[in-house]
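Quick note on labels: first sequence line is chain A, next is B, and so on, each numbered from 1.
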Amino acid sequence: MRLSRLPLTTLKETPADAEVVSHQLMLRAGLIRMLAAGLYNWMPLGLKVVRKVETIVREEMDRSGAVELLMPAVQPAELWRESGRWEQYGPELLRLADRHQREFCFGPTHEEVITDIARRELKSYRQLPVNYYQIQTKFRDEIRPRFGVMRAREFVMKDAYSFHLDSASLDETYEAMRLAYCRIFDRLGLDYRYVRADSGAIGGALSHEFHVLADSGEDEIVYSEQSDYAANVEQAPAPAPQSPRPAPTQEIIEVDTPGQHTIEEVSRFLGTPPEQSVKTLIVRGEEDSSLVALILRGDHRLNAAKAAKLDGIRSPLYFADEAEVREKLGCPVGSLGPVDLDLPLYVDASAAVLSDFVCGANREGVHCTGVNWGRDANPDQVCDIRNLEDGEPSPDGSGPVRSARGIEVGHIFQLGDKYSQAMDCTVLDPDGKQRIVTMGCYGIGITRIVAAAIEQNHDEHGIIWPDAMAPFSVLLCPIGADRDAAVRDVAEILYRQCRELGIETLLDDRGLRPGVMFAEADLLGIPHRVVISPRTLEQEKLEYRHRRGRDESEEVPINGLAEFLGERITPR
RNA sequence: CGGGGCAUGGCGCAGUCUGGUAGCGCACCUGCUUUGGGAGCAGGGGGUCGUGGGUUCAAAUCCCGCUGCCCCGACCA
């Protein structure tokens, strides 16, 4: 394509409301434009990247034996009532009414519709297993859309749903999907991990998430370097304490700690290590007005997902605010402690084996030292409610874990019969009996992948597309084409040659000054850049540079360029 | 939804405190010069100052309401 014909507006300055690099660069490079909160226009160059991702996903899904279909984005409420989710789903579900006041929703996901299809179409076990997929626009009315296309309200997703007679068959398809996902992310050129995920409401069913590693990721994952263990911290068990609780050696003493609230402040003030203290967090209990206390060792971090799963604690986890704590417990949050605290005490296992520890005295400016369980306070429940930290033993015993941040781009899980049961999706088995089918479902965030790829592949000058996702493979940059006929002619010849070779090529024929052209080239991130200028043309040469090696360029003979690029680019 | 902030040309901002008829940089258009890392000079176009009301001789500026957006928390591809 000729750049002169691509309506492209780039921004030299970073838009003020873009927080993460991918969002900033996507706006600056003219890939997307915001329409409203969480709604984005995909501009021509951006859409090309989306299509690249879709194509790879489609190829690998097809290769895995899945079959593509397309369901409506708008879905009737009746189906959602059948599954029970019309009531459960909450405000994230965008509900609509048509002119007859019939209720619909804009699909955030398609379990109901696909199960309805399956129960109509699938009559015999002979038709199983089957794995349907689609690539389609979803809408989720997120509480807080942010980070551009990374957490948009409307987004493109590949969703697949498989149907099986038994769990052995489900296991097979699940594994096939896991492998297909690995091939997809490998081909996209992304650094990713798949991790065991919190299966949440679905119960004990198997679930894996695929994360692109990036510091800006919203999820924390832990993985072992010695084995293939990897998990979302939300569900990685913390190691049990090694040794039993030592006997008390100190008496409980109240000490004045004026103005000291955080664990660090109190530890420094008293000269005790943070791991010898305990922090107390107040969250909602299952009844609306009830509160419970979570007790953690001072240096540990609360794991909200684990805590929310415990009986007696409201899910999702909901913190009491500062004012409520003051009103009901009579002190600021920074002065809380388990001693004489009239709330159920959920104590993390690592905090429960401390003796002679430090904690708040439930009075402003006062802490207790020499506190001991049994004598000074009693846990109501000892549990695992903390994060597994970097460097701690891996749950599979393979050595220490590393911790990293990730962007969730894929999620596969075994649904079981949740929807098939509720919606009566059955087939006849070999014995002629009606059997409820069992299901799996498999999602990939297509548009999120585009943002995640940029988070992982950029420098201070702009985007560096992985080859498989680049909107174009080659960018031809003629310098001084308006003054030098040779430059112009060579550029045109190369442009034609490249296209004949099936290489997706962008010709910058806008006649810009070199500085501007190079700055835009870096911003757009096309992998292979070829400069045509009088300087090298004299020696019948061109200047080649890969976007990744910004400071290393090499000279290539004009008539050798086709071969040179052919070795580096797989034609499409 | 709770807490904080912002709304002035396409983008980034100043002007608001102390009311006096809108300005800067980038981008855009024209001309000349320039041409290997976001050029220079000259000229030019474009703004109901988010919106509705109020105060006032006079409102971007003061007061009240509404809307939109961003940031921090719980949800997810």
Write out a two-atom table: protein N or O, nucleotide N or O from nucleotides 30-34 of chain B, distance below 3.5 Å.
from	atom 1	to	atom 2	distance (Å)
B/U34	O2	A/Arg513	NH1	2.6

Here the salt bridge (Lys or Arg N to Asp or Glu O under 4.0 Å) pairs for residues 7-22 of chain A, sequence neighbours left out, are none
Please determine if a side-chain N or O atom of A/Lys138 lies less than 4.0 Å away from the OP1 or OP2 oxygen of B/A77. no
Classify A/Ala152 by what it touches in the nucleic acid, base, sugar-phosphate, or nothing, heavy-atom distance under 4.0 Å. base
Ring centroids only, cut at 6.0 angstrom: are A/His208 and A/Phe210 within range, meaning strictly under it? no
Would you say the base of B/G38 stacks on A/Phe518 (centre-to-centre below 5.5 Å, plane angle below 30°)? no
How is A/Gly410 classified with respect to the nucleic acid when contacts are heavy atoms under 4.0 Å: base, sugar-phosphate, or nothing? sugar-phosphate
What protein N or O atoms touch nucleotides 6-13 of chain B N or O atoms at under 3.5 angstrom, if any, and at what distances?
from	atom 1	to	atom 2	distance (Å)
B/G12	OP1	A/Ala16	N	3.0

Under 3.5 Å, is there a donor on one side chain and an acceptor on the other for A/Tyr194 and A/His211? no
Which base sits across from B/U61 as a Watson-Crick or G-U pair, both distances under 3.5 Å? none
Complementary nucleotide for B/G43 - Watson-Crick or wobble, under 3.5 Å: B/C29
Centroid separation under 6.0 Å, is that true for the rings of A/Tyr132 and A/Tyr161? no
Exercise: identify the closest heavy-atom pair between A/Arg510 and A/Glu520: NH2-OE1, 2.8 Å
Heavy atoms only, 4.0 Å cut-off, all strands: where does A/Tyr318 land among base, sugar-phosphate and nothing? nothing
Show your working on salt bridge (charged side-chain N to carboxylate O under 4.0 Å, His left out) between A/Arg2 and A/Glu492 and close with a plain yes or no. CA-CA 10 Å; A/Arg2 291 170 191 273; A/Glu492 289 293 337; 2.9 Å; yes
Report yes if a side-chain nitrogen or oxygen of A/Arg144 is closer than 4.0 Å to either non-bridging phosphate oxygen (OP1 or OP2) of B/A74; otherwise report no. no
If you look at every strand shown and take non-hydrogen atoms under 4.0 Å, does A/Arg550 touch a base, only sugar-phosphate, or nothing? base
Close aromatic pair by centroid cut-off 6.0 Å: A/Tyr544 and A/Phe564: yes
